[in-house]
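What follows is a short report on a single structure.
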Amino acid sequence: QVQLVESGGGLVQTGGSLRLSCAASGGTFSSYAMAWFRQAPGKEREFVANCNWSGRVTHYADSVKGRFTISRDNAENTVYLQIYTLKPEDTAIYYCAAKAWLATTSPNDYTYWGQGTQVTVSS
């Protein structure tokens, strides 16, 4: 059983930056593909970014390419989401998720989820 705990969210102005962290425990972190999803009020949960077990292979939603960077530190059992040039439409609860084997973009494929961290971007 893997436990995931996100942190790093907050209230920022448009154009600002944040780094979200997701600390994992209870499993072999390096064996899991990791992903970030987000959910805005009244909307479905959407894919943001993922990475494979090593972090060398990454994939991003078109809406965040060039502004978001996913990375992981297997020695620290942590995955990160660096966010630059925040926009009001980035406002959402951000969740990290883990699954065995290949990284995918569907939330239905992910087995383990954190509780989420709120990101609010003011205009």
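All values reported here derive from a predicted model rather than from experimental measurement.
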Distance (rounded to the nearest 0.5 Å) between [X] [atom1] and [Y] [atom2]:
| X | Y | atom1 | atom2 | value |
| --- | --- | --- | --- | --- |
| R19 | I83 | CZ | CD1 | 11.5 Å |
| Q3 | S25 | CD | OG | 4.5 Å |
| S31 | W101 | OG | CH2 | 9.0 Å |

Fill in the blank from the handout: Of V64, L20, L18, the one forming a side chain to side chain contact (heavy atoms under 4.5 Å, CB included) with L81 is L20

Problem - Pair D62 + K65, salt bridge at N-O below 4.0 Å - result: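 A salt bridge is present here (some side-chain N lies under 4.0 Å from a carboxylate O).
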
Shortest non-hydrogen separation from [X] to [Y] and the atoms involved:
| X | Y | answer |
| --- | --- | --- |
| V79 | S71 | CG2-O, 3.1 Å |
| A92 | A40 | CB-N, 3.8 Å |
| S63 | R38 | OG-NH2, 3.6 Å |
| A24 | V2 | CB-CG1, 4.4 Å |
| G9 | T117 | N-OG1, 3.1 Å |
| C51 | R72 | SG-CD, 3.7 Å |

Does [X] reach the main-chain N or O of [Y] with its side chain, forming a donor-acceptor pair under 3.5 Å?
| X | Y | value |
| --- | --- | --- |
| R45 | Q39 | no |
| Q1 | G27 | no |
| N50 | T104 | yes |
| N52 | R56 | yes |
| Q115 | V5 | no |
| T78 | E76 | yes |

Exercise for the section: Tell me yes or no: between the side chains of T91 and E89, is some donor less than 3.5 Å from an acceptor? Expected result: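 Distance-only check fails for T91 and E89.
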
Exercise for the section: Give a yes-or-no answer on whether the side chains of N74 and S30 include a donor-acceptor pair shorter than 3.5 Å. Expected result: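 No - no donor-acceptor pair under 3.5 Å links their side chains.
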
Handout entry: Common cluster, I93/F37, ILVMFWY with side-chain heavy-atom separation under 4.5 Å
Key =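 Yes, because I93 and F37 connect within a single hydrophobic cluster, where side-chain heavy atoms sit under 4.5 Å apart.
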
Quick check: do [X] and [Y] have side-chain heavy atoms less than 4.5 Å from each other?
| X | Y | result |
| --- | --- | --- |
| T111 | Y32 | no |
| L4 | W113 | no |
| S17 | Q82 | yes |
| T105 | E46 | no |
| K99 | M34 | no |

Handout entry: Contact list for residues 51-97, test ring pair (Phe, Tyr, Trp, His ring centres under 6.0 Å), sequence neighbours left out
Key = F47-H59

